[in-house]
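Since we're looking at a predicted model, the values are computed, not measured.
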Amino acid sequence: MPVPTSPTYITLRNGDQVKVNDHVYCSPTWSIRDGTPYSIARIMEFLPAQGTPTFDSVGKRNEPFTRVRLAWYYRPGDVSDRPVADSRLLLAAIYSEVCDLNQLRAKCHVIHRDKISDLAGWKKRPDRFYFTRLFDPWIRKEFEVIQATSVRNIPDHIREVLTGRYEYVVAEKEIVPDLTDELRLCATCEKWCPPPETVQCDRCKNFFHMACVTPPLLAKPSRGYGWTCAPCSRQHEEEVDSHEVRHPTPVAPKPKSNAPAPRGRGRPRKDRVLAEKEENVEIKHFKMWPFRYFGQYTVAEDTLDPEDFIFPRAATRVGPKYQVNCFPVAGSENNLPPEERGTESTIEVLNSVHEMSPEEVAAMETYKSTLTRNEKLKHNIDWLTEAIRRFSAAWQNRRDMATVNMQSPNRLEKWKTEQTRYIDREWSEAEKAAFEDAILNHGAELRPVRDEVGSRTMPEVVRYYGHWKNMKLGEENRRIKAARASGLSMLARPPSRAGSAEEDSSIIAEPTKGNASCGACRTRESDNWWKAPKGLVTNVLCDNCGISWRKYADLNVRPFREETISKHTKGADKREGTPLTGPAAKRARTLSTIQATPPPSVSQQNRCLACYKNGLPGKVLRCRNCSFRAHPGVIGAVVDATSLDQWLCDLCSNEKLQEFSVNYDCLLCPRTRKDPKKKQFHPPADSFLRSCKPTEGQAWVHTLCSVFIPEISYSDATRLRLVEGISTMPPYRWMNKCTLCDQSGGAVVRCSDCPAEYHVSCAWKAGHKFGFEMQPVKASRRDTTTVVDFKDFNGCMVPTVTCKGHPAHRRERFEMCEMNELGETAVQVYCKNYKQAPTANIHGLLRKARRLDQIIQTEDSIDSESTLASSEMHCWSCGTEYSPCFYSFTVKEFMVGDEFGEAWECHNCHMKQIENHQESVNGGNGLNGINGMDGMDGIEPS
């Protein structure tokens with residue numbers, strides 16, 4: 001047990017002395033943190049070197065200290081994309097890590113907003129921060145932080161424990177007014193009313209337990225609805241019947257706040273004694289934490305338990321939403337009451353050793369020693385657990401212990417339909433090496449470790465991490481014991497207070513000629529020069545900007561104006577000394593007279609041409625050659641983090657490597673006439689249509705066209721290349737005209753809300769809306785339809801193009817660059833699930849041949865249909881197929897054997913033949929045959 005001692009002070013590199021519960025700046029070396037600002041944390045405890053016990057035999061901490069446990073704070077920009085103007089505002093967190101002592105940079109001060117009487121004066125002092133909210137990194141949600149003494153709506157014995165242990169309470173924003181209200185007692189039973197179990201009458205404002213009213217309430221009223229108790233409801237009915245009811249004008253109550261009263265306008269108070277008192281205020285801590293969760297999903301009585309979890313919770317797992325009550329089927333004979341949860345019939349018994357006799361336990365141990373000869377396996381906890389479970393099952397079923405064996409590595413658990421392994425398969429040397437490399441890069445973040453190992457599931461990685469950690473600790477303990485046995489003292493490495501050479505390299509002795517000014521404020525004079533983060537005009541920062549960036553993550557970047565000054569002649573150089581009172585013609589040109597345009601600011605250095613949103617250089621790629629910019633997820637770019645500055649788009653890369661055609665016209669767009677005299681950089685780099693992908697025939701198509709035309713697929717959907725399936729597109733896409741450019745020749749798509757059809761590139765130039773809809777899928781069709789999850793939605797992902805004039809509809813629509821929790825864009829998720837060509841064991845040339853076979857078979861079927869259609873009725877004289885009535889007759893040209901063939905005549909030609917026949921009869925001339933017909937007697941109307 002640790003014994004209480006006087007506070008231990010550690011001297012940092014800059015001379016500051018810090019102790020436990022002080023706040024410090026913490027950061028690794030500049031090369032590791034990649035230019036990010038300092039992190040802010042609270043010291044929880046000092047620790048000795050790794051492998052050395054924290055406490056000695058008498059409960060005193062072992063020295064020297066080389067490590068420190070820190071409780072982190074977040075900056076609002078770390079957890080959200082919303083810009084925050086206040087650089088002194090932080091977010092607390094119940095999250096800690098162990099770091100090296102040499103990562104501590106300097107001391108700072110962080111306190112809650114409610115403990116600051118003069119916020120403006122507090123923020124004007126250096127190294128001062130404050131917080132009002134807490135961010136939980138596991139459920140990624142923000143909570144309000146209030147003082148524990150302001151919580152009054154709890155019983156006295158619970159409030160004493162809460163305020164005696166903790167300084168602050170963490171709760172949801174909507175729960176804070178309930179917690180800070182006066183003690184609420186039930187008007188029926190006069191006991192405390194917990195907020196989740198309480199309803200308030202809208203008329204008398206009394207509180208009631210939901211179980212104390214008649215009839216009991218099963219749930220609270222829905223939002224927007226009120227509730228009245230029985231006496232108030234009866235009184236209201238009487239008032240309505242007597243026509244004396246008057247509804248008073250509702251007055252919205254003022255929201256309660258625990259912040260101190262605002263000060264009057266004017267200069268802030270400079271009370272240094274009060275400020276120092278606020279800095280050194282004593283904060284209560286319980287088990288090294290000053291706050292705990294006491295919100296919507298907390299049972300107040302659990303606060304009395306010192307081992308209760310203090311972490312925030314997202315929701316309760318108790319209730320009908322998560323536990324189902326199965327009732328007997330109507331008409332069945334099983335009318336027994338439901339089994340009670342937690343009895344032997346509803347749980348799985350892992351062992352029954354405690355019920356065995358000593359002779360049976362001895363027999364079990366004897367048989368257990370014969371199950372395997374592997375000594376390492378005999379001490380494996382998973383193997384021992386399964387062996388005891390099998391012996392217990394044999395004992396309960398009255399079987400002989402000798403029948404138990406461990407040959408099968410699988411077991412059938414009571415509540416699972418499939419067998420599972422009770423012990424993981426052995427890890428190969430390649431898997432172990434990949435695991436250790438991933439641990440070195442990511443630490444205890446096991447999800448990226450699982451991704452790098454690749455061949456193991458998450459439970460297997462978690463279990464192996466526990467075994468691996470115990471193995472490393474065992475090796476360290478054995479090394480310490482061996483050194484002690486040999487008489488050597490295991491002296492830990494003393495803490496490095498001098499700072500590494502890499503950290504010293506972040507201070508530049510003298511800026512170079514190309515970096516002669518600060519990248520933020522443009523000053524050319526400074527005592528010290530610091531390395532600047534990426535994205536600034538120069539690579540250095542002055543002393544003020546460097547410290548402001550590292551401590552407060554704040555840069556007041558001055559807009560940069562590119563100065564295009566022509567070379568001055570010798571005579572022009574003499575004008576520099578011309579006085580301002582001289583003639584205007586001889587006055588030197590000043591910088592204000594030079595026309596220039598400012599580039600985007602540092603926070604907006606790269607703007608994606610697909611979504612027109614800004615991002616850091618790692619989030620939005622920029623082509624080194626043509627300056628094309630886009631999120632990597634919407635163009636299928638896979639770039640190493642070390643080569644972001646050297647990235648080239650597909651067209652610029654092809655200009656260098658010449659792997660595909662140098663004609664960059666899209667095959668899915670109409671052909672454009674080009675003037676051979678004019679040389680144009682096509683497609684332009686300031687449009688998203690610059691992004692093109694190669695096809696299987698070495699040609700090019702727009703990335704946008706290939707994504708939003710459903711028949712297109714990719715041989716590699718991750719990189720959106722090579723494009724396949726252009727030859728299998730239905731003919732109507734090529735035949736229909738675009739309603740925007742009034743041209744045919746390209747493939748068209750239809751608007752999702754109207755019959756308009758247009759080329760994809762024309763729709764993009766016209767400003768139409770592109771996105772993806774998540775359409776629900778019926779349960780009967782889920783086996784035949786690809787269903788994906790994106791954010792909080794599940795269904796079939798469908799690409800949509802909508803005219804810009806259509807109003808927004810209620811269907812959920814995701815933009816192309818919108819990302820899910822895994823960092824994948826909507827384009828990536830859609831193409832990965834719906835656009836991947838079946839490449840397994842099928843060569844690309846074979847896939848193309850199969851598509852051509854489908855086209856030939858389709859053309860043959862079309863020819864056969866046209867042959868059948870040609871055999872239908874048409875006029876033998878004029879050839880028309882349209883007539884209200886056809887008349888059949890026999891002609892000699894269509895003779896089959898000894899019989900005349902059958903032909904057809906339209907109504908118009910038939911009437912003309914009758915008129916000609918009548919004229920010839922009236923004229924006295926006989927008509928022996930007309931057009932090869934044997935007289936009119938051969939004509940038979942159909």
Give the minimum heavy-atom separation between R733 and P710, together with the two atoms involved. NH2-CD, 3.5 Å
Keeping N441 on the side-chain end and D437 on the backbone end, is there a donor-acceptor pair under 3.5 Å? yes
If we only count heavy atoms from C-beta on, is the L89 to R113 side-chain gap below 4.5 Å? no
So C518 and S526, do their side chains get closer than 4.5 Å, heavy atoms only? no
Check for a donor-acceptor pair, side chain of K123 on one end and backbone N or O of R88 on the other, with a separation under 3.5 Å. no
Check this for me: does any side-chain nitrogen of one of D650 and R721 sit under 4.0 Å from a carboxylate oxygen of the other? yes
Let me confirm one number: the NE2-SG distance from H806 to C754, rounded to the nearest 0.5 Å. 3.5 Å
side-chain contact (heavy atoms from CB on, under 4.5 Å) between C108 and I40, intermediate numbers included: CA-CA 8 Å; C108 61; I40 300 175; 3.9 Å; yes
Side chain D753, main chain T802, donor-acceptor under 3.5 Å: no
Does the pair K737/E757 count as a salt bridge with the N-to-O cut at 4.0 Å? no
Can you confirm whether W529 sits close enough to L541 that some side-chain heavy atom of one is under 4.5 Å from a side-chain heavy atom of the other? no
If only atom types and distance count, is the side chain of R128 paired as donor or acceptor with the main-chain N or O of P126 below 3.5 Å? yes
Where is the tightest heavy-atom contact between V748 and N736, given as atom of each residue plus distance? CG1-O, 3.8 Å
Is any side-chain heavy atom of K693 closer than 4.5 Å to one of L722? no
With a 6.0 Å cut-off on the ring centroids, do W138 and Y95 count as close? yes
If the plane angle is over 60° it's perpendicular, under 30° parallel, otherwise tilted; pick one for F129 and Y552. tilted
Check the side chains of E655 and Y664 for a donor-acceptor pair under 3.5 angstrom, ignoring hydrogens and angles. yes
Verify the distance criterion only: is there a donor paired with an acceptor across the side chains of S691 and T703 at less than 3.5 Å? yes
On a heavy-atom basis, which atom in G633 and which in Q828 lie closest, and how many Å separate them? O-CG, 3.1 Å
CZ/R671 to SG/C666 distance, rounded to the nearest 0.5 angstrom? 8.0 Å
Count the heavy atoms of every other residue, nucleotide or ligand shown that sit under 6.0 Å from NZ of K769, and state whether that count exceeds 12. yes
Please indicate whether D640 has more than 12 foreign heavy atoms, meaning atoms of other residues, nucleotides or ligands, lying under 6.0 Å from its CG. yes
Kindly indicate, with the supporting measurements, whether the criterion side-chain contact (heavy atoms from CB on, under 4.5 Å) is fulfilled by V707 and C831. CA-CA 7 Å; V707 170; C831 294; 4.1 Å; yes
Look at E818 together with K791 and state whether they make a salt bridge at an N to O cut-off of under 4.0 Å. yes
For the pair K551 and D127, find out whether any cationic side-chain nitrogen is under 4.0 Å from an anionic carboxylate oxygen. yes
Under the side-chain contact (heavy atoms from CB on, under 4.5 Å) rule, what do C652 and R690 come out as? Steps first, then yes or no, please. CA-CA 10 Å; C652 293; R690 171 74 179 174; 3.2 Å; yes
Could you check whether any side-chain N or O of T728 sits under 3.5 Å from a backbone N or O of G725, counting only pairs where one atom can act as donor and the other as acceptor? yes
Is it true that atom CD of Q658 has more than 12 heavy atoms of other residues, nucleotides or ligands lying nearer than 6.0 Å? yes
Distance-only donor-acceptor check, side chains S87 and R75, under 3.5 Å: no
Is the distance between the ring centroids of Y130 and W122 under 6.0 Å? no
Starting from the C-alpha separation in whole Å, work towards a yes-or-no answer on side-chain contact (heavy atoms from CB on, under 4.5 Å) for L91 and Y73. CA-CA 6 Å; L91 292 173; Y73 288 86; over 6 Å; no
Among residues two or more places apart or on two chains, list those pairs meeting ring-ring contact (aromatic ring centres under 6.0 Å, His included) that have a residue in residues 607-642. none
Applying side chain to side chain donor-acceptor pair (under 3.5 Å), run through D543 and W530 and close with a yes or a no. CA-CA 7 Å; D543 201 12; W530 299 77; 2.9 Å; yes
Would you say the side chains of Y714 and S706 form a donor-acceptor pair under 3.5 Å? yes
Is R133 atom CZ crowded by more than 12 heavy atoms from other residues, nucleotides or ligands, each under 6.0 Å away? yes
Using only atom types and a distance under 3.5 Å, with no angle test, would you say the side chain of Q103 pairs donor to acceptor with the backbone of S27? no
Drop me the distance from Y74's OH to E142's CD, to the nearest 0.5 angstrom. 11.5 Å
Take a 6.0 Å sphere around NZ of K613 and say whether it holds more than 12 heavy atoms from other residues, nucleotides or ligands. no
What is the distance from atom CZ of F772 to atom CZ of F814, rounded to the nearest 0.5 Å? 11.0 Å
Show, in sequence, the C-alpha distance, side-chain angles and deciding distance for H442 and E452, and conclude whether the side chain to side chain donor-acceptor pair (under 3.5 Å) test is met. CA-CA 10 Å; H442 305 288; E452 290 198 15; 2.7 Å; yes
Interatomic distance, C521 atom SG to N544 atom CG [nearest 0.5 angstrom]: 7.5 Å
Taking the side chain as every heavy atom from C-beta outward, state whether F770 and T800 have any pair of such atoms under 4.5 Å apart. no
Between I547 and R550, is any pair of side-chain heavy atoms under 4.5 Å apart? no
H768 ring center within less than 6.0 Å of Y758 ring center: yes
Using a 3.5 Å distance criterion without hydrogens, assess whether the side chain of R629 forms a donor-acceptor pair with backbone atoms of S627. yes
Please determine, by modelled atom types, if S517 and T538 share a side-chain donor-acceptor pair under 3.5 angstrom. no
Testing the basics here: between T739 and A756, what is the closest heavy-atom pair and its distance to 0.1 Å? OG1-CB, 4.2 Å
Can a donor-acceptor pair be found, under 3.5 Å and without considering hydrogens, that links the side chain of W700 to the backbone of S661? yes
Are any of the side-chain heavy atoms of S39 and W72 separated by less than 4.5 Å? yes
Should V760 and L668 count as side-chain neighbours, where that means a heavy-atom distance under 4.5 Å? no
Closest approach of R813 to G771 (non-hydrogen atoms, all atoms of both residues): NH2-N, 3.7 Å
Quick check for you: to the nearest 0.5 Å, what is the distance between R624 atom CZ and Q646 atom CD? 5.0 Å
Over all atoms of both residues, closest heavy-atom pair of A630 and I635: CB-CG2, 4.0 Å
